[in-house]
*Asks:* 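Structure provided below as structure tokens; questions to follow.
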Amino acid sequence: SQQGEEDPQALSIQEGENATMNCSYKTSINNLQWYRQNSGRGLVHLILIRSNEREKHSGRLRVTLDTSKKSSSLLITASRAADTASYFCGLLTGGGNKLTFGTGTQLKVEL
Amino acid sequence: DTEVTQTPKHLVMGMTNKKSLKCEQHMGHRAMYWYKQKAKKPPELMFVYSYEKLSINESVPSRFSPECPNSSLLNLHLHALQPEDSALYLCASSQEVLAGTDTQYFGPGTRLTVL
């Protein structure tokens with residue numbers, strides 16, 4: 001099935017550093033979305049990038065999409081302790097609104 | 001109001017019990033979703049409702065029974081569950097079921113434990 005593979009599985013950085021996480025997938029997509037999940041809570045939508053876009057920015061977030069390599073990256077700049085969470089890429093494929101999530105990256109930002 | 005609410009927050013039930021999870025949104029969204037998430041795993045889609053009609057069932061066992069009484073409400077009826085059904089159940093909504101356009105808004109989830 002179309003599940004994204006994310007790496008790294010876990011990432012620990014110091015506050016102020018940048019965090020980069022990657023998502024790779026296997027089949028064509030309509031769009032790719034990134035979500036954040038704080039421990040045991042619901043997911044929060046961060047950013048959506050369409051299949052015909054290469055880069056998008058939102059605040060401290062930068063997302064890139066390379067459809068030829070079937071991969072995307074999420075960069076969080078100047079990280080804060082509050083960014084500590086799990087991050088999932090969500091792949092929208094085919095008709096309808098079926099969203100398939102990647103395996104996730106657990107980010108820990110230490111003071 | 002960009003909030004999706006879910007009740008209860010926590011639920012403990014025995015394998016012979018019947019219980020229901022509830023989800024509500026007042027954003028005028030016409031698509032609603034149920035996901036199941038096991039610990040340290042990504043959410044997995046269970047059901048999609050579009051305009052109050054079931055449009056996707058991801059081969060979910062019949063002990064899970066979804067219901068969409070109106071455009072704002074989504075229920076998940078539970079009966080004869082197994083301990084392996086213990087998980088975080090997430091509800092989400094989006095404007096419509098249109099490919100390539102919608103973001104989904106998630107509720108905080110119901111933590112279900114089956115004894």
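Throughout, a chain's letter reflects where its sequence line sits, starting with A, and its residues are numbered from 1.
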*Asks:* Looking at B:Gly109, B:Pro108, B:Gly107, which one has more heavy-atom pairs under 4.5 Å with chain A than the rest?
*Replies:* B:Pro108
*Asks:* What part of B:Gln6 gets closer than 4.5 Å to chain A, counting heavy atoms only: side chain, backbone, both or neither?
*Replies:* neither
*Asks:* By a 4.5 Å heavy-atom criterion (distance strictly below it), what part of A:Gln37 contacts chain B: side chain, backbone, both, or neither?
*Replies:* side chain
*Asks:* Parallel, tilted or perpendicular: which fits the ring planes of B:Phe106 and B:Tyr35, with parallel below 30° and perpendicular above 60°?
*Replies:* tilted
*Asks:* Considering only heavy atoms, which portion of A:Gln9 lies under 4.5 Å from any heavy atom of chain B: side chain, backbone, both, or neither?
*Replies:* neither
*Asks:* Considering only heavy atoms and a distance below 4.5 Å, find which of A:Val44, A:Thr103, A:Leu99 pairs most often with chain B.
*Replies:* A:Leu99
*Asks:* Tell me if the CZ atom of B:Arg63 is crowded by more than 12 foreign heavy atoms within 6.0 Å.
*Replies:* yes
*Asks:* Looking at A:Glu5 and A:Lys26, is there a salt bridge between them, counting it only when a charged N and a carboxylate O are closer than 4.0 Å?
*Replies:* no
*Asks:* Name the member of B:Lys40, B:Gln104, B:Arg111 that forms the most heavy-atom pairs with chain A at distances under 4.5 Å.
*Replies:* B:Gln104
*Asks:* Could you tell me whether B:Glu52 atom CD has more than 12 heavy atoms of other residues or ligands within 6.0 Å of it?
*Replies:* yes
*Asks:* Sorted by first residue and then second, give each salt bridge (Lys or Arg N to Asp or Glu O under 4.0 Å) pair with at least one member in residues 10-25 of chain B; sequence neighbours left out.
*Replies:* none
